[in-house]
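Working notes, structure below.
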Amino acid sequence: MSKHSALNTFGRSGNPAFTRNFENTQAFSQSDRMTLDGAVNKTAILLALCFAGAFAGWNVPVLAMPGLIIGTILAFVTIFRNPAKAGSTAPFYAAFEGMALGGITVFAEMQYPGIGIQAIGLTFGILASLLFCYKSGIIKPTENFRLMLFSATMGIFLLYLVSFIMSFFGSGIGFIHSNGLFGIGFSLFVVGIAALNLVLDFDFIEEGAEKGLPKYMEWYGAFSLMVTLVWLYVEILRLLMKLRSR
Amino acid sequence: MNTILFGILAILSLFIFMNLGKIKASKKQMDRDDRINWGGKRRPNVQQNRDGSKIIEGSAEEVNDETKK
């Protein structure tokens with residue numbers, strides 16, 4: 001039995017999508033089941049759409065804000081409303097989020113030329129190296145690993161939320177946005193947490209394929225990978241901007 | 001030069017992801033007892049007896065004052 005009483009009471013996953021779909025997988029035929037190939041191909045489709053959106057955002061930076069708002073709404077709809085419809089919402093999420101990233105990257109490029117390709121290279125570099133570490137068993141995600149990451153991610157989310165709300169009143173948590181040592185250290189920590197979230201996404205996809213979840217979970221797995229990649233890219237961009245501004 | 005290097009890194013990493021992602025994880029990764037159970041439901045270890053009392057599985061251990069010291 002787990003040492004964590006919350007896990008024993010509420011179960012292993014708080015995500016409704018996971019709890020709903022891991023039971024009774026025997027009811028699906030072989031062709032209707034999730035596979036690794038399918039999840040990777042769908043991630044490639046979402047990445048292609050994200051790049052197409054980024055191209056639009058790069059050329060028309062005004063699209064960044066609507067892209068960010070619509071993309072965020074679509075992410076929440078996919079996670080909380082109906083994960084089974086991820087096949088229709090995730091491509092739009094990728095495209096809109098791409099527009100936002102394109103606009104943000106143009107803004108960063110104007111200040112620090114060449115920063116965009118550095119952030120893209122580092123993001124995909126981290127993706128490939130962590131995938132290798134996961135597949136080879138160098139990094140082993142356990143329940144404690146997940147709890148630690150979940151706590152850290154929620155902590156960061158709350159800190160950003162408080163900072164965002166405080167910005168309406170003319171103040172904010174300055175040190176997390178500064179280019180001082182603490183600001184850079186904080187950004188490094190956030191990049192680390194975002195990168196480790198990729199391991200959880202790999203594990204979810206691997207177990208989903210192993211247990212033969214329904215086919216639409218390929219889209220859901222690809223979508224969760226995209227959400228983490230978008231977050232990682234933004235955080236790497238922020239870190240590089242802080243480093244370059246010193 | 002910087003752009004070319006990071007561009008190559010991005011393309012190479014995507015190529016690795018597309019190929020490595022389709023391969024099953026190693027046994028070292030998969031054959032573990034402490035894997036994350038994404039299913040959510042866990043079998044509780046506490047069983048209900050007929051008279052309503054609860055039986056907790058596991059070895060019993062006698063606790064007395066001496067063991068505390």
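We use all heavy atoms of the structure for the numbers below, so side chains are in, but hydrogens, waters and symmetry mates are not. Throughout, a chain's letter reflects where its sequence line sits, starting with A, and its residues are numbered from 1.
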A:V40 backbone acceptor or donor facing B:K22 side chain under 3.5 Å
no
Using only atom types and a distance under 3.5 Å, with no angle test, would you say the side chain of B:Q29 pairs donor to acceptor with the backbone of A:I139?
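Yes, because the side chain of B:Q29 sits within donor-acceptor range (under 3.5 Å) of the backbone of A:I139.
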B:I36 side, atom CD1; A:T142 side, atom OG1 - distance, nearest 0.5 Å
6.5 Å
Any residues in residues 230-246 of chain A near chain B, with a heavy-atom distance under 4.5 Å, and which are they?
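At a heavy-atom separation under 4.5 Å, chain B is reached by no residue of residues 230-246 of chain A.
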Using non-hydrogen atoms only, which part of [X] is less than 4.5 Å away from chain B: side chain, backbone, both, or neither?
X	answer
A:S129	neither
A:I205	neither
A:I115	neither
A:L127	side chain

Aromatic ring pairing A:F202/B:F17, orientation class (parallel under 30°, perpendicular over 60°, tilted between)
tilted
So which of B:K28, B:R32, B:M18 has the biggest tally of heavy-atom pairs under 4.5 Å with chain A?
B:R32
Chain A: which of B:L14, B:I8, B:N2 shares the most heavy-atom pairs with it under 4.5 Å?
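The residue among B:L14, B:I8, B:N2 with the greatest pair count is B:L14.
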Between B:R35 and A:E206, is the closest basic N to carboxylate O distance under 4.0 Å?
no
Within the structure provided, determine whether A:F145 and B:D34 are in side-chain contact (heavy-atom separation under 4.5 Å).
no
